[in-house]
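Below is one structure, written out as structure tokens; comments come after it.
Quantities reported herein were computed from a predicted structural model and do not represent experimental measurements. Residue numbers begin at 1 in each chain, while the letters A, B, ... track the order of the sequences.
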2 protein chains.
Amino acid sequence: MQLIEKRGRFSSCIAKRTLLCLLACLAAIQLQAQTITSPDKNLSLKFELNGGVPSYQLTYKNKPVIKPSKLGLELNGLPSLMDGFTITNTEQNTVDSSWNPIWGEQKTIRNQYNELLVTLSQPAQKDRNIRIRFRLFNDGLGFRYEFPRQKELNYFVIKEENTEFNLAGDHKIFWIPGDYDTNEYPYTTSRVSEIPKLQKQATVQITAQQPIPNPSVQTPSMMKSADGLYINIHEAALENYSAMHLNVDAANLKMSSHLVPDAVGNKGYLQTNTHSPWRTIVVSDKATDILASKLILNLNEPTKYENVSWIEPMKYMGVWWEYFVAGKSTWAYGTETNVKLDQDFNKLTPSGRHGATNENVKKYIDFAAANGFDAVLVEGWNVGWEDWIGNWKEEVFDFVTPYPDFDVEELERYAADKGIKIMMHHETSASATNYERRLDRAFEFMNRHGYDAVKTGYVGQIIPRGEHHDSQWMVNHYIHVAKRAADYKIMINSHEAVRPTGLHRTYPNWIAQESARGTEFEAMGGLAPEHATILPFTRLMGGPMDYTPGIFQTDLSYYGTGSNQRVNTTLVKQLAYYVTMYSPLQMAADMPENYSRFMDAFQFIKDVAVDWDDTWVQEAEPGDYVTIARKAKGKNEWFVGGITDENPRTATIPFSYLPAGKQYIATIYADGQDASYDKSPQSYTIRKVIVTSKSQLKQRLASSGGVAISIKEGSKEEMRGLKKL
Amino acid sequence: MQLIEKRGRFSSCIAKRTLLCLLACLAAIQLQAQTITSPDKNLSLKFELNGGVPSYQLTYKNKPVIKPSKLGLELNGLPSLMDGFTITNTEQNTVDSSWNPIWGEQKTIRNQYNELLVTLSQPAQKDRNIRIRFRLFNDGLGFRYEFPRQKELNYFVIKEENTEFNLAGDHKIFWIPGDYDTNEYPYTTSRVSEIPKLQKQATVQITAQQPIPNPSVQTPSMMKSADGLYINIHEAALENYSAMHLNVDAANLKMSSHLVPDAVGNKGYLQTNTHSPWRTIVVSDKATDILASKLILNLNEPTKYENVSWIEPMKYMGVWWEYFVAGKSTWAYGTETNVKLDQDFNKLTPSGRHGATNENVKKYIDFAAANGFDAVLVEGWNVGWEDWIGNWKEEVFDFVTPYPDFDVEELERYAADKGIKIMMHHETSASATNYERRLDRAFEFMNRHGYDAVKTGYVGQIIPRGEHHDSQWMVNHYIHVAKRAADYKIMINSHEAVRPTGLHRTYPNWIAQESARGTEFEAMGGLAPEHATILPFTRLMGGPMDYTPGIFQTDLSYYGTGSNQRVNTTLVKQLAYYVTMYSPLQMAADMPENYSRFMDAFQFIKDVAVDWDDTWVQEAEPGDYVTIARKAKGKNEWFVGGITDENPRTATIPFSYLPAGKQYIATIYADGQDASYDKSPQSYTIRKVIVTSKSQLKQRLASSGGVAISIKEGSKEEMRGLKKL
């Protein structure tokens with residue numbers, strides 16, 4: 001059923017068993033309830049109609065996960081799709097196949113589920129009908145609404161989707177407040193019942209935000225029940241639909257879908273022969289299973305791209321962190337505060353602090369080339385930065401005109417000579433109309449000058465005015481940009497876009513996203529030590545994150561500019577992120593001069609892979625710790641990353657994935673004895689030991705510390721003198 | 001001051017006299033009032049500050065035209081630009097120059113005015129300042145707000161512009177109701193004071209309309225005072241601003257600006273070093289002077305296009321009228337009512353009535369080629385028409401995929417062989433975002449297949465949703481399309497766009513617009529016989545109209561499809577339109593088989609020019625009649641058109657513009673003795689006579705009839721036997 005596509009060639013490892021169980025649709029004998037179980041029988045899904053109202057419930061090992069919850073949609077100007085239904089058909093299918101992602105955490109992904117497809121008709125609406133498709137995996141449930149082509153329904157406008165998620169208890173929840181425009185909030189951990197009283201303080205100030213006034217949270221929403229069940233609610237394959245946030249009825253422990261409205265308050269424009277995104281509930285009694293789940297990816301469509309050979313995971317540096325840390329340099333070239341694209345930027349008053357100069361960019365290129373990087377991102381290269389933000393300005397950038405001190409052709413030659421790609425930067429200032437209008441020209445410029453990847457940004461209030469970062473129009477915009485980029489063989493790394501839902505399976509050149517509070521906030525108040533232990537359970541459930549790790553100089557007072565900001569991790573925790581924060585696109589975000597001071601630790605960043613054959617989530621508890629091991633794609637190299645929150649801990653790290661009976665050299669980057677994120681973040685040790693599949697490491701992590709391990713085959717020569725672990 | 005640009009070469013006939021009259025700006029001696037007069041002294045403009053509030057008044061031959069009226073703007077979130085002003089500087093200039101349009105009604109246009117530029121500061125707002133620039137021509141006044149770059153004002157949002165036009169009497173007015181989305185209303189003639197009670201009935205149903213609830217009218221707004229003064233209010237150079245409608249305070253005979261809001265209710269996003277469009281008041285005691293006015297063009301900027309040689313006036317036919325008149329054929333290919341761009345249109349069920357088939361298009365090409373036309377428009381050639389309207393659907397057309405029965409390459413060859421251009425059609429269904437996204441590809445497709453002009457359409461509710469046809473975003477959209485088209489050497493003929501304001505001077509490839517109730521409505525209830533006598537005083541004040549005249553078969557019951565519709569003109573009136581309805585792009589809108597039945601009358605359409613050396617408005621009264629004579633560009637050929645409303649009349653037509661002492665052959669196309677639009681529209685006579693500059697024709701026009709005359713040099717042979725007029 002699922003085609004296996006891997007860099008243009010087709011794998012033959014399809015395993016498919018389909019049981020078609022078509023139940024008779026006799027009007028007289030309407031089936032009011034249907035139950036399916038997951039392949040391993042742990043999960044059970046029951047669908048039923050109660051007085052014409054559809055509902056579902058989910059149990060895990062006989063414990064309720066979702067109590068009976070209604071399904072349906074309200075439409076604008078048409079009778080609702082909430083009630084008055086009869087079941088006119090049901091189908092069950094069983095699928096067990098596997099597929100190979102173009103890049104990812106595993107070489108092969110198994111797609112195994114039992115499916116229930118229910119057709120519901122409204123006799124009072126001339127048998128207008130919808131379908132609800134449930135797919136029950138061992139790791140959770142996905143379901144979606146389907147709207148077949150039919151006489152009685154062609155075009156319709158969604159007033160609201162009313163999908164309920166009735167919780168079975170007052171769970172612990174890791175949440176950020178519902179907001180139409182930003183997902184860059186810090187996480188709050190509380191009981192579900194506490195959300196209303198905490199919502200206001202959780203809604204910190206963000207550039208361009210539109211908080212939902214009623215109690216609500218964003219997805220992926222990570223919960224843990226009192227009896228140790230981990231439950232994650234999100235969505236998969238968000239296309240041509242607005243993003244789903246969750247209303248929280250704290251009194252009744254009920255969540256329900258809240259779609260993001262457009263400029264006139266509508267929540268979706270659909271045309272039949274379509275469907276909603278999948279609503280996903282990943283469930284397990286082991287936190288590690290949540291992180292290992294591939295349910296969301298499985299619910300996305302395989303790519304339709306015919307040629308994907310140009311899509312390559314990569315490691316990059318960038319003229320970027322220096323804009324944040326020290327007022328060292330600026331995106332803008334001029335000191336003016338009112339510029340227009342058609343003016344002569346040569347006539348601006350240079351501030352003397354412009355970051356994207358030929359000289360500075362060459363410094364990064366030199367260092368990146370000397371250390372085996374693929375690319376250097378350059379932000380602030382193009383005209384328009386003097387007043388790019390806060391003005392709801394449409395014609396803010398043109399994406400093709402460099403500042404006077406950035407020589408496109410000279411740098412193109414210089415980078416090419418050193419084997420480095422310059423990564424394009426398209427900050428749109430959230431002026432999506434301006435970007436679409438200029439998109440073809442921007443991509444042609446990139447093709448002409450040898451750029452094959454672009455970091456896009458959407459800081460600010462959206463234009464078209466009245467639309468939101470998470471509304472249907474913008475959801476379609478991001479996909480349009482990804483698809484159009486593919487026409488030009490360009491990879492996209494989007495920042496400030498709607499959070500991912502596994503669409504990188506379908507659009508594998510949309511290689512990473514930020515879409516959460518990332519490293520930049522370490523320079524703007526700092527991230528909580530627990531932050532990065534929550535992200536894998538929330539933001540990263542949907543797809544890779546360009547978290548931009550690798551900050552070695554964590555105490556920003558170092559720069560002597562009066563800043564008392566601090567990156568709230570140890571140096572080693574920054575190394576561990578390259579494994580715990582999955583992304584096929586990894587930045588070494590600090591400045592060359594800082595890496596030069598710690599070249600022994602920097603070696604891990606040089607070595608670490610960005611594409612993987614396999615992944616083992618070894619330890620995990622949201623808000624506390626994460627330890628993950630991965631095998632590099634196509635190489636006998638393994639990398640381990642472990643992180644902890646503000647509490648020091650001892651990680652227990654097995655190596656059982658290693659081929660049995662062989663010895664490997666493990667280089668262990670550990671927090672120093674006296675290390676702590678706030679007192680001694682740069683205290684670390686590096687040791688080499690011999691490991692086998694039977695080894696187990698007990699490693700102490702400092703407060704907000706980490707551990708990073710690289711494991712390679714070694715010659716006898718190299719192993720000589722090394723101790724066994 | 002004005003550069004004369006004509007197809008790439010510069011004329012040297014600049015006549016410029018500038019009197020710089022810089023008045024001292026001493027804070028102690030503030031000038032509270034300033035007066036300037038028009039070069040001919042007929043008009044007088046007085047500007048003054050009353051208690052810090054700016055106002056102006058205008059007189060013509062000492063009669064009040066505009067009584068003291070306030071000026072200013074309200075801003076969002078900032079103190080207003082309405083009051084608290086002091087005059088800090090005034091300048092006066094005199095300009096008398098001339099320039100040659102690339103195409104137009106005259107070879108040379110004189111630009112003569114006296115100017116007053118007032119700088120106004122708000123001491124309470126740290127001397128925040130604006131300027132108001134008045135240009136007083138012999139034919140009227142233009143003024144605009146200017147917003148200089150300054151510390152105290154960078155970006156601002158307009159809440160409303162409050163420019164008043166206090167009328168001096170309860171004038172007769174020719175008006176359509178204020179509406180954010182359509183200008184396709186029929187005209188109502190009333191007193192200004194009657195507007196409130198007539199507004200509802202004037203607001204007939206139109207596809208996609210958003211009437212302004214309060215009493216209001218659109219511009220160009222044509223008025224006539226009780227003592228015979230003609231007053232026309234409009235705007236010039238509408239760029240980066242929303243269109244101005246006029247609130248009507250009937251009790252006080254006061255009009256005031258009403259800008260079109262955007263999706264969130266704002267009326268304009270500006271960045272200083274900018275200005276508003278010009279507000280224009282054309283005034284005369286002769287109606288013919290109103291039509292002859294070039295004030296609006298003079299207030300527009302010369303084009304910045306470097307090469308304009310590819311911009312060519314033209315005459316075209318089209319697969320078009322047959323879609324309206326008889327259900328003869330359809331834009332859509334399939335009978336389905338739910339299509340998507342990515343589906344296989346070969347699999348649709350053909351209705352058998354698709355108009356844009358190879359065969360039918362060739363029929364038009366053959367006829368157009370045989371009769372000296374330049375182009376054939378083909379509507380309905382591209383996929384998406386099955387459900388293109390009424391669904392607020394974004395991805396409605398892709399502009400590059402033909403229906404299965406329209407062979408782009410075959411027709412490209414066929415047309416090229418016959419010397420005919422196929423005119424592209426881009427109906428956007430008002431989905432402007434979709435059009436912008438695909439614009440470059442659409443224009444590349446045109447370049448690749450030899451199309452050099454496109455008719456664009458904006459039928460429906462605008463996307464970006466919440467924007468309007470006349471809001472700032474869409475105003476910028478139309479200009480973006482025109483400018484981007486120029487990059488591809490493509491001419492634009494826009495339908496359903498914001499009404500023109502003379503921008504064809506700046507963007508001469510935006511060669512024509514519809515933007516009013518045009519011929520298509522003759523098939524949808526009919527146009528009033530007076531309609532085309534009003535349009536030159538209203539819609540055409542802003543620029544050429546693609547009225548699509550030339551309907552010979554005016555009684556639509558002829559087609560035997562049960563239609564009782566009727567084009568409310570005689571056949572000859574349709575001929576006269578080619579002269580009275582100025583456009584460099586003229587369609588012969590009827591079908592070849594109808595022209596074939598009246599080839600002697602069709603000769604006028606074949607002969608008539610579309611570009612002119614000079615124009616003489618000979619007779620005119622809005623709502624009653626218009627007679628215009630024009631000299632063909634670069635040729636000793638003249639054409640005359642005269643039309644009347646429902647009342648028969650005798651036109652008095654001199655030929656004094658002809659070179660003295662020479663004889664010419666005039667071919668006079670006249671209504672037949674028994675002609676009338678409703679009883680005998682196809683009754684006409686054609687006669688040839690000799691005319692000289694001293695001739696004068698008295699010609700009877702039937703009810704809703706016309707007269708059309710072509711005048712050429714003739715050989716003795718040709719003149720033999722012809723009578724003198």
Please flag which part of [X] lies under 4.5 Å from any non-hydrogen atom of chain A: side chain, backbone, both or neither.
X         : result
Gln343(B) : side chain
Thr274(B) : both
Asp262(B) : side chain
Asn266(B) : side chain
Gln150(B) : neither
Glu395(B) : neither

- line: Residues pairing under salt bridge (charged side-chain N to carboxylate O under 4.0 Å, His left out) where one sits in residues 145-156 of chain B, two or more places apart or in two chains, turn out to be Arg133(B)-Glu146(B), Arg144(B)-Glu146(B)
- line: Those residues of residues 474-490 of chain A that come under 4.5 Å of chain B on a heavy-atom basis, listed by number, are His480(A), Arg484(A)
query: Can you tell which of Glu436(B), Arg465(B), Glu394(B) has the highest number of heavy-atom pairs within less than 4.5 Å of chain A?
result: Arg465(B)
query: What is the minimum heavy-atom distance between Asn273(B) and Lys340(A), and which atoms define it?
result: O-NZ, 2.7 Å
task: Determine the minimum heavy-atom distance between Val339(A) and Tyr155(B), stating which atoms define it.
output: O-OH, 4.1 Å
statement: So CZ of Arg438(A) and CG of Asp440(B): to nearest 0.5 Å the spacing works out to 11.0 Å
Output the option from [options] having the highest count of non-hydrogen pairs under 4.5 Å with chain B.
options                         : answer
Leu439(A), Thr337(A), Ile463(A) : Thr337(A)
Asn154(A), Asn391(A), Val264(A) : Asn391(A)
Trp473(A), Trp392(A), Tyr269(A) : Tyr269(A)

Backbone N/O of Gln271(B) and side chain of Lys393(A): donor-acceptor pair under 3.5 Å: no
